[in-house]
Structures are given as C-alpha cells and as structure tokens.
Student: 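The structure is given below, and queries will be raised subsequently.
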Amino acid sequence: MGLYDVSIIATGSKVPDAVLTNADMEAMVDTNDEWIRTRTGIRERHQLGKDETVTDIAIAAAKNAIDAAGIEPTEIDLIIAATFTTDLMFPPLGCMIQRGIGAKNAVAFDTNAVCAGFLYAMIQGAQFLQTGAYKTALIVAAEGITRYIDYTDRNSCILFGDGAGAAILRATPHANELDQPQKGLIDFDLGSDGTRVDVAFCPRPTAPSSWLATLSNRDEVTPYIWQDGRAMFKAAVNGMTDSIKRVLERQHIAAADVNLLVPHQANLRIIEAIGERVGIPSEKTALCLEEYGNTSAAAMPLALDKWWRLGKIHDGDLVVFTAFAGGLIWGSALFRM
Ligand SMILES: CC(C)(COP(=O)(O)OP(=O)(O)OC[C@H]1O[C@@H](n2cnc3c(N)ncnc32)[C@H](O)[C@@H]1OP(=O)(O)O)[C@@H](O)C(=O)NCCC(=O)NCCS
C-alpha cells in the first residue's frame, strides 16, 4: 500500500484495580447476573478509583507496550491517543502520555472515533509510517466511561467499564519480492453515517438542552451515555460484517484463512453474529468482554494484548480487526503479523 510496511511489534494494557461485578449491578438497578451474562456475555468490569485518572491508566498501558517492544520512549516519533472520556478538554491525552513516558521526540495528539477509536488511530498512524514520514508510533486507547454512566439506567450501565490498551507500530522498508507476502497492514475499510447520530450519544453538560432534544428526539437529555440498544445492536452486526467482507473480498482472502478476529467488545451476541455471518469461528476470536465489559476504544487493544500475551498470535498470522461506534462509525483492518 505504501513505501513502508507497518507492523504491530508489541502491545500493552492496564485496567483499574476496582471491579464492578454483576452482583454490584443488581444492587444498583433492577437486573440480575443471569440476564447480564446471557444477553451480553459480561461478568464484571473495572472502574477508575476516586483519585485515579484516564491519564494514569493510559500512561501505564503505554509503558507496558514500550517494555514489551524493548524500545526507548525517545525512539517514538508519533503518539495518537484514542478517547472520548479523557480527563482534560485540553491538552490532549496524547500530550499527557508524552509527558508521562518522556517521549520527547514524538508529536502527539488525540483521535475521537468513540468505540472505533483504536482502529481509527492505528490506521491514521499507519498513514504516517507508510509514507516514511515517521518510523515508530505509539497508539493508546484509554477510557474512563464509568464517569459518564447513569447508574439508574439498566439499559446501559451494565455494559461499560474503564481500561486502557496500547500498541507500538513500526515501519520497515517494503519488501518487493514477489514470493514474500506483504507484512503488517494489508488493507482497511472505514466508514461513517452522520444521519444516525441519534442512535447513541453522550452530551457535554455545556451543550444547550433544546438543541440536544432536537438531535436525540427525546424531551429530556442528561449528560450521560444514552443509546437505542436494539438499533445499535442491529447496526453493529450489519456494519462490522459488511466491512470485514469488503476487506476480505478485495484481498481475495477466504474467511477460513483468517487466523484471528479482534472485534470491538460490546456484546458477545454481536460478536457471535458477526463470526457466523463472516465465517470465522469463535475459537479464532479474541475476547475480553467477560472480564472488562465494553471499554469503548480500549476494548480492541485490551483483547489484542490479552491474546498476544497468551501466545495466541504467531508470525505470519492473518488478523482481522473490526469495530463499530456511535456516530455511526465502523471499520475493519487486515494485518499479516
Ligand atoms: C443493550 C442490550 C444489551 C439490550 O439487550 P436486548 O437483548 O437488545 O434487550 P432489549 O433492549 O430488547 O430489552 C429486552 C428486555 O430486557 C429489559 N432489560 C434491559 N436491560 C436490562 C437489564 N440490565 N436487566 C434486565 N432486563 C433488562 C428491557 O427493559 C426489555 O424489557 P421489556 O421487554 O419488558 O421491555 C443490547 O441491545 C446491546 O448490547 N446493544 C448494543 C449496545 C452497544 O453496542 N452499545 C455501544 C454504544 S456506544
């Protein structure tokens, strides 16, 4: 695709220590463990402590990835942080991470594609690396979603948790030998539909309430995450399925040849439906939903890091990433590891 191949060379992660179990949810809203497990696949999620920040877990995940890569922070040329729940409106989380890890040679900024944020930041970073502008990129996704949850709304509060995940991307000169398959990022598909902003959203407390009411078709809008669960479910299954198929078809790759699917972790039933429709079985799917819930942008790198550390990702494996988000936003990427 470019002058340089772009590979993921290491991953990292960090979740807060505090855990919110399904039993904790039962104490807050009219729900139960059985409903949550069978309808979503979630058993527990992690929550930032009172004095803990998104910046803290983002820096910890970044350090974890840097250690795994065996590189110095000064080798990093580019930092992109994906988040919609960072502690400060500015400076960007990327700059806070740069400060926290001492990556003094990097340029840093943020990307907001909500739950698809890590995928979008990774593709964005890869563009700089494929052209040769930069050699090493740190992509970090970190969310403190539990701070934007209405814990009286059982439709959404049971789904979300806090966490951070990171990956190091490295550019290597493109190997042009015909007998060598291309390594790293092979192809991607990104898309959005701004006509459907009302399906899921989270307003700032400063947004005019009359305007929010028009935008959402609801009389009363609170500064918490709100979603039409069923509409989101359907759009997510169709959006991710179609996106994966577009990439695989374009690259003439059969689903059976895919070694691993790393999907956004919102609901196990969504992931299973995509697997069935695309033809990638559950044993080839990276999951961390049961223990972390939906951590928005952090979900994909958390699943990737878990699989990486379990030794389930091998040299030459074909890995498909796919994500879906409020916006609506969707995307997929195909990597050869
Ligand atoms: C939210 C979600 C888990 C709801 O599951 P569902 O199977 O679609 O459930 P429904 O919305 O159809 O509701 C079925 C019933 O369960 C109830 N219910 C909803 N949440 C419940 C809970 N936590 N505990 C018990 N019952 C619950 C509903 O009130 C409804 O009851 P009713 O039939 O009496 O009206 C599911 O739609 C989902 O995961 N959607 C996608 C979410 C997503 O991707 N979000 C990302 C947003 S950025």
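Because the structure is predicted, anything quoted here is derived from the model rather than measured.
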Student: Do T136 and R170 have side-chain N/O donor and acceptor atoms under 3.5 Å apart?
Tutor: yes
Student: List the steps and the verdict of side-chain contact (heavy atoms from CB on, under 4.5 Å) for S156 and D150.
Tutor: CA-CA 8 Å; S156 63; D150 174 1; 5.7 Å; no
Student: Step through the shown structure and confirm whether more than 12 heavy atoms of other residues, nucleotides or ligands are within 6.0 Å of NZ on K135.
Tutor: no
Student: In this structure, are over 12 heavy atoms from other groups packed under 6.0 Å from Q127 atom CD?
Tutor: yes
Student: Which residue, K306, H46, Q265, forms the side-chain hydrogen bond (donor to acceptor under 3.5 Å, both in side chains) with E291?
Tutor: K306
Student: Is it true that the side chains of N238 and T241 contain a donor and an acceptor less than 3.5 Å apart?
Tutor: no
Student: Hey, are the side chains of Q227 and N155 touching, using non-hydrogen atoms and a 4.5 Å cut-off?
Tutor: no
Student: Show your reasoning for whether side-chain contact (heavy atoms from CB on, under 4.5 Å) applies to I186 and L318.
Tutor: CA-CA 10 Å; I186 293 173; L318 281 173; 4.1 Å; yes
Student: Taking I42's backbone N and O only, do any of them form a donor-acceptor pair with N22's side chain (distance below 3.5 Å, no angle check)?
Tutor: yes
Student: Can V197 be reached from V199 by stepping across I, L, V, M, F, W or Y side chains whose heavy atoms are under 4.5 Å apart?
Tutor: no
Student: Are W211 and F201 connected in the hydrophobic side-chain network, where two residues link if heavy atoms are under 4.5 Å apart?
Tutor: yes
Student: Would you say Y4 and P173 make side-chain contact, with heavy atoms under 4.5 Å?
Tutor: yes
Student: Do R336 and Q182 touch side chain to side chain, with heavy atoms closer than 4.5 Å?
Tutor: no
Student: Using the rule that two of Ile, Leu, Val, Met, Phe, Trp, Tyr join whenever any of their side-chain heavy atoms come within less than 4.5 Å, decide whether L248 and L261 are in one cluster.
Tutor: yes
Student: Considering non-hydrogen atoms only, spot the tightest contact between W330 and R246 and give its length.
Tutor: NE1-NH2, 3.5 Å
Student: Treat each ILVMFWY residue as a node, draw an edge where side-chain heavy atoms are under 4.5 Å apart, and state whether M300 and V6 are in one component.
Tutor: yes
Student: Counting only heavy atoms not in E283, do more than 12 sit closer than 6.0 Å to its CD atom?
Tutor: yes
Student: Contact between V320 and V262 at the side-chain level, heavy atoms closer than 4.5 Å - yes or no?
Tutor: no
Student: If only atom types and distance count, is the side chain of R39 paired as donor or acceptor with the main-chain N or O of R269 below 3.5 Å?
Tutor: no
Student: Taking C-beta and beyond as the side chain, do C157 and M25 meet within less than 4.5 Å on heavy atoms?
Tutor: yes
Student: Might you work through the side-chain contact (heavy atoms from CB on, under 4.5 Å) test for L260 and W307, ending with a clear yes or no?
Tutor: CA-CA 10 Å; L260 183 67; W307 247 242; 3.5 Å; yes
Student: Take atom CZ in R99; do more than 12 heavy atoms of anything else shown fall under 6.0 Å from it?
Tutor: no
Student: Side chains of W35 and I158: does their closest heavy-atom pair fall under 4.5 Å?
Tutor: yes
Student: Please examine the side chains of I76 and I101, heavy atoms only from C-beta on, and report whether any two atoms are closer than 4.5 Å.
Tutor: yes
Student: Report the distance from atom CZ of F335 to atom CG of L185, rounding to the nearest 0.5 Å.
Tutor: 4.5 Å
Student: Step by step, would you call Y120 with L190 a side-chain contact (heavy atoms from CB on, under 4.5 Å)?
Tutor: CA-CA 8 Å; Y120 273 61; L190 307 177; 3.4 Å; yes
Student: If you measure from the Lys or Arg side-chain nitrogens to the Asp or Glu carboxylate oxygens, is any gap between D189 and K245 under 4.0 Å?
Tutor: no
Student: Contact between I149 and I225 at the side-chain level, heavy atoms closer than 4.5 Å - yes or no?
Tutor: yes
Student: Assess the side chains of T85 and E143: does a donor N or O sit below 3.5 Å from an acceptor N or O?
Tutor: yes
Student: Taking the inter-plane angle between the rings of Y148 and F84 on a 0 to 90° scale, is it parallel (under 30°), tilted (30 to 60°) or perpendicular (over 60°)?
Tutor: tilted
Student: Quick one: list whatever passes side-chain contact (heavy atoms from CB on, under 4.5 Å) with S13, sequence neighbours left out.
Tutor: N64, L302, D305
Student: Tell me whether I270 is reachable from L159 by hopping between hydrophobic residues (I, L, V, M, F, W, Y) whose side-chain heavy atoms are closer than 4.5 Å.
Tutor: no
